[in-house]
Structures are given as structure tokens and as C-alpha cells.
Colleague: 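Here it is, the structure in full.
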2 protein chains.
Amino acid sequence: MARHAQLELDLQLCFPLYAASRALTKAYQPLLDPFDLTYPQYLTMLALWSSPDDQTVGALGDRLRLDSGTLTPLLKRLETRGLVRRHRDPADERRVLVTVTEAGDALQDDLAHVPGALVDRIGMTLDDGIALRRLLDKLLASLDDGDGLAVGAAS
Amino acid sequence: MARHAQLELDLQLCFPLYAASRALTKAYQPLLDPFDLTYPQYLTMLALWSSPDDQTVGALGDRLRLDSGTLTPLLKRLETRGLVRRHRDPADERRVLVTVTEAGDALQDDLAHVPGALVDRIGMTLDDGIALRRLLDKLLASLDDGDGLAVGAAS
DNA sequence: CACAATTCAATCGCGCACAATACAATCACC
DNA sequence: GGTGATTGTATTGTGCGCGATTGAATTGTG
């Protein structure tokens, strides 16, 4: 027994969140393996597809809440695979713009089944899904206090 | 716009879970920095403190849902810091037992304030916390289907 | 008892994830 | 125009996290 009751692992909110996130990521992997994508790469492609324009690394990072330390190598790997192209923004050469290639775009069709398959895998009710989503958004919003990140602005 | 509506990043349940988990982990860091602990190390200490007996790497891994590829180096670092000791189980030498040292045990008192401080940081209502916890457990349970991991057995 | 099958932790290889730092480009101000 | 301050991305260093593999120990079977 832990000496302090509040230190019991089973009483931590953080732990199930941490565990569930990893488990969900893991559940995606068999669906993404045929396309040789990791889960963060999948999310990155989602973010890129959702915008009609090229996005900067920074904007992508804001969206995905990842910094360039993570994104740059990840995008480089996607570029090596021919799914995206990265080039300096002529209007401000500090910025790097990310373009989805034709191959990257076509992948959209290949992956269209993934969200549905995952929902089937989870077997969660719509109500529970919506409630979970709401609570997570709330948690994220409160953790964002003082961070200045735009949460819903892109929606 | 994504060509397929279900591929919109904002419609994914997985993404807020992923983002919230990382944000929560990040929120812990300032509280753990004075003790030179990372969040996974903190969880590991929690798991160790909650048991009166030495735990094997495997049991710890079951508890934390981490495999030895992650745990072994993590425990080695904790051992280097004198917080735990690792030794082979004489009853079955395939197993490694993990003992909390006096220093590791004393850390419990130092960290007793952390969960409360985090709850203050989040500012989430008790009801929301309980609901979130319930939904996460539910999600974890469904993702565990077929994995054979003991979910509540340790409680 | 001998040997195949299984188990357990460690290792290997790779991809994250992030704080700190570096560098070039741009902005702000005089 | 010149210079200091700020910005945006890349790099560096470290700690995960996990699938695949390895080596030793244990278990199961004949």
C-alpha cells in the first residue's frame, strides 16, 4: 500500500488517460500497417488533407500540438516516401510549406475506411463517444490556459 | 477540406485523446522536475509504492501496460539514482524483482502533494473527473478484448 | 532423463516527443 | 540604413514506447 492514499496508481486520472491513449494508438496500427504509416504520420496526413492550402510546419504543429523537433523528422520521412513535399515559403524564408503530393492525396481514399473500422473495433456507443470527446476537450482547454494555443480556431 | 468527411482531424476521437494525454503528462512535469523524475518514472514509482512486496518487471509491466523494452532502461535509470534495486528472483531466475530503496520510499512523502496540485491545475469538477475516468476505463476494457490483460484484477 | 516448447527479461532498431540550442530571416526601432 | 529583438525551423540530446529478436531459465512431454 502506498503511504499516501492519493498516490495509489488506480486513483490517478492521468494513468488511464495515458494507458488509453497508447492502447488506442496501438489499435490503429493494424489498420495503418498496410500503408506503412505510423499513427502520428496518419494524424499528420489528416491535418494536411483537411486544408486546401499548403501548411507551414508551425501551423501543422499548432494543429497537432507537436513541435518541429517531432514534426521535422516525421515530415522528412513522409517526403522520402513521396507523400509530401517541403519547401521554403518565398514570402518568408523562415517558414517551410508542406504540400501533399498526388500520391499523398490518393492515400486519402485508401484510408477512408480507417475511422469506421476503429469505431467498430471500440464498440463504444455514440453517447459515450460524444461524452468522452466533450470531457477531453474540456480537459485540453483547461490545460491550455496560459498557453495561448488556438484550440477551436481552426474548426 | 478532406475528401472524406470521416477523415477530418477534428472528428477523430483518437486525436483529442492523444493530445490530452500528452498535455496532461506535460502538466505534471513542473511538479516532477524538482525531483528529477519523468512522468513515466513517476507512474512506475506509484506502482512500486502501492505494493508491499517486490514486484517483477513483468508484473510492473502488466500494471503499467508497458513492456520490458520500455521498463528495463527506465528501471535501470531509477536504479542508477538509488531509488530502486533490481535483482534476479531466486525462485525463478528468468524474473527480475524490483525493490524500492529507503531513498525511493522517502520520495513518497516528497510527492504526496502532486496529485492534489494537478487536480488544482486542471480545475475539473469531481463529476467530470469521475465520468472521464469511467469512460476511459470503458474504452480501455474494450480495447483489451482479446488481449488477456488483467484489468481490474489488481485492484 | 532428454529434448522441445514456452516463458521472462534484455537487447536491438526505429520512430516518436520535447526542452534547449543554433542559425537564418524578419521585424521593430532609432 | 543599421542594429537589436523576435520569429520559424532545424538540430541536438535525452527519455520513452514498441515490435522483433536473443539468451537463459523453466516447463511440458515422452
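Here the structure is a predicted model, which is why all the values come from computation and not from measurement. Chain letters run A, B, ... following the sequence lines, proteins first and then strands; every chain starts at 1.
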Colleague: When you measure from the side chain of A:R121 to the backbone of B:L143, do you find a donor-acceptor pair of N or O atoms at a distance under 3.5 Å?
Modeller: yes
Colleague: How many Å lie between OH on A:Y18 and C1' on D:dG15, as a whole number?
Modeller: 10 Å
Colleague: With sugar-phosphate meaning primed atoms plus P, OP1 and OP2, does B:G58 contact a base, only sugar-phosphate, or nothing at under 4.0 Å between heavy atoms?
Modeller: sugar-phosphate
Colleague: Rounded to whole Å, please give me the gap between CG in B:L78 and P in D:dG15.
Modeller: 11 Å
Colleague: If we ignore angles and hydrogens, is there a donor and acceptor under 3.5 Å between the side chains of A:S21 and B:R22?
Modeller: no
Colleague: Expressed in angstrom and rounded to an integer, what is the separation of B:D33 atom CG from D:dT14 atom C1'?
Modeller: 14 Å
Colleague: Short of 4.0 Å, heavy atom to strand atom, which residues of residues 35-48 of chain B count as contacting DNA chain D?
Modeller: B:T38, B:P40, B:Q41
Colleague: In terms of side-chain heavy atoms, does B:R63 have a donor or acceptor partner in B:S51 at a distance below 3.5 Å?
Modeller: no
Colleague: Starting at the 5' end of DNA chain C, which residue's closest nucleotide do you reach first, B:R86 or A:P73?
Modeller: B:R86
Colleague: Distance check: side-chain N/O of A:R22 vs OP1/OP2 of D:dC18, anything under 4.0 Å?
Modeller: yes
Colleague: Within the 4.0 Å heavy-atom criterion, would you say B:L74 contacts the bases, only the backbone, or no part of the nucleic acid?
Modeller: sugar-phosphate
Colleague: Would you call A:R81 and A:Q41 a side-chain contact if the rule is heavy atoms closer than 4.5 Å?
Modeller: yes
Colleague: State which of D:dC18, D:dT26, D:dC16 makes the closest approach to the side chain of B:E93.
Modeller: D:dT26
Colleague: Can you give me the first and the last nucleotide of DNA chain C (5' to 3') that has an atom within less than 4.0 angstrom of a non-hydrogen atom in chain A?
Modeller: C:dG15 to C:dT26
Colleague: Using a cut-off of 4.0 Å on non-hydrogen atoms, how would the nucleic acid contact of B:L71 be classed: base, sugar-phosphate, or nothing?
Modeller: nothing
Colleague: In the structure I gave you, are the side-chain heavy atoms of A:T38 and A:Y42 within less than 4.5 Å of one another anywhere?
Modeller: no
Colleague: Without decimals, in angstroms, what is the distance between A:H87 NE2 and D:dA10 C1'?
Modeller: 17 Å
Colleague: What class does the angle between the rings of A:Y18 and B:Y39 fall in, given that below 30° is parallel, 30 to 60° is tilted and above 60° is perpendicular?
Modeller: perpendicular
Colleague: Once you apply a heavy-atom cut-off of 4.0 Å, does B:T56 come out as touching a base, just sugar-phosphate, or nothing?
Modeller: sugar-phosphate
Colleague: Mark yes or no for a side-chain to base donor-acceptor pair under 3.5 Å between A:S68 and D:dA10, with no hydrogen or angle criteria applied.
Modeller: yes
Colleague: Restricting to pairs with a member in residues 109-119 of chain B, which pass salt bridge (charged side-chain N to carboxylate O under 4.0 Å, His left out), not counting sequence neighbours?
Modeller: A:R3-B:D109
Colleague: What contact category does B:D92 fall into here, base, sugar-phosphate, or nothing, at under 4.0 angstrom with non-hydrogen atoms?
Modeller: sugar-phosphate
Colleague: Do B:D92 and B:T56 touch side chain to side chain, with heavy atoms closer than 4.5 Å?
Modeller: no
Colleague: Does A:L97 or B:P90 map to a spot on DNA chain D nearer the 5' end, using the closest nucleotide for each?
Modeller: A:L97
Colleague: Is there a chain of hydrophobic side chains (I, L, V, M, F, W, Y, each step under 4.5 Å between heavy atoms) that links A:V84 to A:L97?
Modeller: no
Colleague: Please compare B:D67 and A:T70 by the position of their nearest nucleotide in DNA chain D and report the one closer to 5'.
Modeller: A:T70
